[in-house]
Amino acid sequence: MAYINENFLKLQHRYLFAEIAKRVAAYKAENPQADIIRLGIGDVTQPLAPAVVEAMHRAVDECANGETFRGYGPEHGYNFLIEAIIAHDFEPRGVHLTPDEVFISDGAKSDTGNIGDILSSANVIGVTDPVYPVYVDTNTMGGRDIRYIPCNEANGFTGDIPAEKLDVVYLCFPNNPTGAVITREGLQRWVDYALRNDCLILYDAAYEAFISDAAIPHSIYEIEGAKQCAIEFRSFSKTAGFTGVRCGYTIIPNELKVNSLSGERVALNGIWDRRQCSKFNGASYISQRGAEAVFSAEGQKQIRATIDYYMANARIIRQSLQGFGLQVFGGENAPYIWVRTPNGTDSWSFFDRLLREAQVVTTPGAGFGAAGEGYIRITAFGTHKSSIEAMDRVKKCL
Ligand code: MLT
């Protein structure tokens with residue numbers, strides 16, 4: 001007889017963004033003429049940079065030729081991409097990595113969830129609240145106990161260091177959903193906590209490219225001691241428009257070790273490598289060539305222009321909402337704007353109101369956890385035109 005993994009029965013009925021998509025589809029079915037502006041799920045609107053497109057075309061041509069065709073790639077990813085990542089994203093910040101510490105993947109979402117495969121189901125997991133739902137859902141699937149670390153206006157949405165000993169803590173900065181960033185000192189406090197308590201930090205840096213303030217760290221490895229306690233996840237999705245193409249990477253330093261039941265210290269790098277070899281066949285050669293082109297001089301110029309474009313949207317959204325008298329957070333070093341709902345309206349009601357009265361899709365804060373109640377999240381990934389139009393419509397329904 002087959003049995004279900006009971007942990008799946010503990011999940012909320014639908015993944016947050018699937019629930020939103022369902023509500024929007026139902027509204028659209030009732031109102032086929034509605035001109036809906038989607039500032040909910042952080043899907044990008046700007047096309048791939050020309051340098052990326054050219055590189056991917058070349059890669060397709062190589063695969064069309066028997067002499068240059070590529071089949072299965074190396075499990076860690078191609079060296080051309082790994083070396084570009086190290087040289088561009090880490091060396092200039094004084095972070096020295098060896099190629100075997102970088103694992104190319106199909107994105108940070110899958111890696112932040114899949115990493116649970118190599119961690120005991122007995123680990124107690126800490127997540128900041130509000131939280132990117134993937135961390136909660138995948139650890140619920142894995143049968144782990146989850147503790148919530150409240151992030152609020154009082155602590156700048158960065159969470160206070162917990163009094164209890166947690167085994168694993170997920171951190172995400174710049175934060176999804178609040179758009180909060182963490183200072184070097186703030187991040188050092190988390191690293192010190194992890195080192196003191198033999199805790200593993202899972203650091204999601206998917207939005208680091210949106211940081212413009214030079215004082216804000218891009219990588220946790222800029223912090224002393226982090227290589228002994230942290231894994232870092234990165235993504236090309238929002239940085240370079242890869243939400244559909246799929247490519248990201250995960251750093252597992254060689255010196256990072258955790259306990260086995262027999263009391264041995266085991267290096268996670270080798271265990272993740274073992275997992276990837278059995279369960280993953282890599283991001284496609286074509287995606288990896290596209291990702292490599294992000295680091296070319298042309299690619300850098302082009303993706304910078306796109307990030308600036310999104311951050312101009314963030315400014316429009318922030319300033320407009322502030323002008324309407326709303327309390328607004330984030331959106332300065334992050335593409336997410338976190339907005340207090342007016343007059344204490346609950347977040348799903350405000351989401352529904354904006355959908356029905358303004359035809360603007362947002363994300364209700366409560367979907368990210370209890371501490372998200374009373375907020376909504378708006379993304380800066382629309383177009384200038386849609387961001388301005390959305391603000392005009394929101395104003396009318398306040
Ligand atoms: C979001 O809207 O939170 C993200 O786009 C979702 C994701 O990256 O998976």
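In listed order, ligands and their atoms are each counted from 1. We count residues from 1, following the sequence as given. The figures that follow rest on heavy atoms only: side chains count, while hydrogens, waters and symmetry mates do not.
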Nearest protein heavy atom with distance in Å, relative to atom 8 (O) of ligand 1: Lys238 NZ, 3.1 Å
Close-contact set for ligand 1 against Lys109 heavy atoms, below 4.0 Å: 9 (O)
Parallel, tilted or perpendicular: ring planes of Tyr310 versus Phe210, cut at 30 and 60 degrees: tilted
Backbone or side-chain N or O of Tyr15 under 3.5 Å from ligand 1 N or O: no
Those atoms of ligand 1 less than 4.0 Å from some heavy atom in Tyr132: 6 (C), 7 (C), 8 (O), 9 (O)
No-hydrogen, no-angle side-chain donor-acceptor test under 3.5 Å, Arg23 and Tyr27: no
Distance-only side-chain donor-acceptor flag, Arg274 / Ser278, under 3.5 Å: yes
Tyr207 and Tyr336 aromatic centres sub-6.0 Å: yes
Residue portion contacting ligand 1 (non-hydrogen atoms closer than 4.0 Å) for Thr363: neither
Ligand-side contact atoms (ligand 1) for residue partner Asn176, heavy atom cut-off under 4.0 Å: 1 (C), 3 (O)
No-hydrogen, no-angle side-chain donor-acceptor test under 3.5 Å, Tyr78 and Glu292: no
Positive for side chain to side chain contact (heavy atoms under 4.5 Å, CB included) with Ile337, one of Thr178, Asn313, Val328: Val328
For Ile41, atoms of ligand 1 separated by under 4.0 Å from a heavy atom: 2 (O), 5 (O)
Location of contacts on Tyr336 toward ligand 1, heavy atoms closer than 4.0 Å: side chain
Ligand 1 atoms in contact with Gly42 (distance to a heavy atom under 4.0 Å): 1 (C), 2 (O), 5 (O)
Donor-acceptor contact below 3.5 Å, side chain Tyr15 vs main chain Pro133: no
